[in-house]
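Convention: sequence-line order gives letters A, B, ...; per-chain numbering from 1.
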2 protein chains.
Amino acid sequence: MQGLSMTQKTADAEMVPFEQLGLIGCGLMGGSFALALKKAGLVKRVVGYSKSPSTTERARQMGVIDVEAPSALLAAAGADLVLLAVPVAATEATLKSIKHLVTPQMMIMDVGSTKVDVVQAARSALRDQLGSFVPAHPITGKEVAGVEHADVNLYRGAQVILTPTERTLTAHLSRAQQLWEALGCHVRAMSPEAHDGTLATVSHLPHLLAFAMMQSVLNQPAADEILSLAGPGFRDFTRIAAGEPKLWRDVLLANREQVLSQSRNFRAALDQLESLIAAEDGQGLQDRLTLASDARAHWHLGKRSAKI
Amino acid sequence: MQGLSMTQKTADAEMVPFEQLGLIGCGLMGGSFALALKKAGLVKRVVGYSKSPSTTERARQMGVIDVEAPSALLAAAGADLVLLAVPVAATEATLKSIKHLVTPQMMIMDVGSTKVDVVQAARSALRDQLGSFVPAHPITGKEVAGVEHADVNLYRGAQVILTPTERTLTAHLSRAQQLWEALGCHVRAMSPEAHDGTLATVSHLPHLLAFAMMQSVLNQPAADEILSLAGPGFRDFTRIAAGEPKLWRDVLLANREQVLSQSRNFRAALDQLESLIAAEDGQGLQDRLTLASDARAHWHLGKRSAKI
């Protein structure tokens, strides 16, 4: 993994607030961002747009946005910061729809879970305005979607990965880092490819496996009774299987090569454990389980790599 | 699944406390049981034994047990209730070691995660005293082991499955039900085979998959950096991979046929999702993910089957 080094932590410097956030997508991720930005005093006005007018209206009623916009273009109009919080598959069309309003002074970020496809979409949509775009992925979320679950603390303590293109303006990259740090995040930069490989391992594959686990139970005639006996281990293991189907469809398709490759790695590890079980090799099995158990017991959320 | 019907809920009737609990295995499960029984006023004295003398001593210092016994046999001596809270592979040897003290008045339970092997071990060890044994599996736990994690509320709200043999005395079966209900548990009875099939699906396989997931990350050169970017989804998905290796070695080996069979079901479900991903069949993938997501979103811990 080629981690690009970020500039020094900048949160100590006072950050000048943004005049206007154009929020495109007022769901869980977008809504939580707007709430956090407001609470931190980092934005004066939020103009929001969602595909579903009822979502936009609810966002305004909840105080997540100040003004409803009838289109993505009108949400971006006059904004010095635009946040795209839409399914990754909608990135290109959304950027195209606001393109002729984009200026070098406007900073645009996304919060998508995949980055190779998002960067490709931005290249294709923004062309000579690509410098305004800072691709971002805050590693956080909930298994429930929608603005009604927006949470001012969703981003606090989360890691945020920025995957700038070679054209991204350094002023925007620094400002993006400063902004996320001001929201309590830990910021790193890496290439879109390294991001997608890593996230396939720690996020996309686990989601796929959790979905497959649920599917595998549902395929059984006694599914209902089986589920009635599931305990706390099952609850936590499958929590992410309640994720939003459309969002995960897009992620799994967008990053399919890395996901399928990581699934092959996973199956090889599973094969090995199963061979030990089938051979009733107690010591061999215990040794493998101990490696896994120790690694998991010593890991915790936000633990830094020794190499970073 | 052939669920055996239990008698009516009996918790309303006042339960006569046990005189003496012989606790064999003073770890997380045994220690929590003793604490809960004491708090409910259902036992006058707890005599405990653990393979490791330092565990037994710590259990006494913590007030989990009242008296340290130097052997399993001496922990059982004089007890009207014996709880075996040892790894399932140790069941037969432990029951053999106390066998000549077992009377029809003594009730013996275990808390093992597998039941076919435990019942087989009890048949072989107890022979004509098999009627005293009520095989029990409280579906709860923690990813940390040891008496220092013993928790008076570990069993509260948990489901407990009893898998009586044809020789189990009905008086003991009723008393066992009453006891677990007095600790706040929901009690069901089923055959050892039905228990092991169901638990393979909702517990043993998820553990195997979580161990394999950790192993699959560790197999990669950049494991350390990859893990540093894992978020809350990964945290919950792999929580059970921190489980105790010896305990899970025993469970996976004892129930290996059911576990391997459930793994084949799981792989078939994973194959299907991956085929849709490889074919970039967005609608087909979304349909499948929606089934899984809806099922998980509507499930909750302790949810009863419509059929029960």
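The CD1 atom of I139(A) sits 5.0 Å away from atom CG of L229(B), with the distance rounded to the nearest 0.5 Å. Here the straight-line distance linking atom CZ of F211(A) with atom OG of S293(B) works out to 6.0 Å at 0.5 Å rounding. Interatomic distance, M213(B) CE to L270(A) CG, rounded to the nearest 0.5 Å: 11.5 Å. To the nearest 0.5 Å, atoms CG (D294(B)) and CE (M214(A)) are separated by 10.0 Å. Taking CZ of R235(B) as the start and CG of L301(A) as the end, the distance is 5.5 Å to the nearest 0.5 Å. Rounded to the nearest 0.5 angstrom, L227(B) CG and H298(A) NE2 are separated by 13.0 Å.
Here the closest heavy-atom approach between residue R288(A) and residue Q215(B) is recorded as NH1-NE2, 3.0 Å. In terms of heavy-atom proximity, L289(A) sits nearest to R249(B) at CD1-N, 3.6 Å. Nearest heavy-atom pair, G231(A) versus W299(B), reported as atom, atom and distance to 0.1 Å: O-CH2, 4.0 Å. When all heavy atoms of L252(B) and I277(A) are compared, the closest pair comes out as O-CG2, 3.8 Å. Residues E280(B) and L253(A) come closest through the heavy atom pair CA-CD2, 3.8 Å. In terms of heavy atoms, A212(B) sits closest to A269(A) at O-CB, 3.5 Å.
Between chain A and the residues E244(B), H207(B), Q220(B), the most heavy-atom pairs under 4.5 angstrom are made by Q220(B). Most heavy-atom pairs under 4.5 Å with chain B: of the set L209(A), I161(A), D271(A), this distinction falls to L209(A). Heavy-atom pairs under 4.5 Å with chain A peak, among S216(B), A295(B), G233(B), at S216(B).
The parts of W248(A) that come within reach of chain B are both its backbone and its side chain, each placing non-hydrogen atoms under 4.5 angstrom from that chain. For a residue to count as touching a neighbouring chain, one of its non-hydrogen atoms must lie under 4.5 Å from one of that chain's; by this rule A278(A) touches chain B with backbone and side chain alike. Only the side chain of L260(A) comes within less than 4.5 Å of a heavy atom in chain B; its backbone stays farther off. Contacts of T201(A) with chain B are made by both backbone and side-chain atoms, with heavy-atom separations under 4.5 Å. Heavy-atom distances place the side chain of L218(A), and not its backbone, under 4.5 Å from chain B. Neither the backbone nor the side chain of E257(A) comes within contact range of chain B, judged by heavy atoms closer than 4.5 Å. Proximity to chain A (any heavy atom under 4.5 Å) is shown, for A268(B), by neither the backbone nor the side chain. When heavy atoms are compared at a cutoff of 4.5 Å, N265(A) approaches chain B by way of both its backbone and its side chain. For D287(A), no part lies near chain B; criterion is any non-hydrogen pair under 4.5 Å.
Here the side chain of Q159(B) pairs a donor or acceptor atom with the backbone of S228(A) at under 3.5 angstrom.
A parallel orientation is assigned to the rings of F237(A) and F237(B), their planes being inclined by less than 30° (bins at 30° and 60°).
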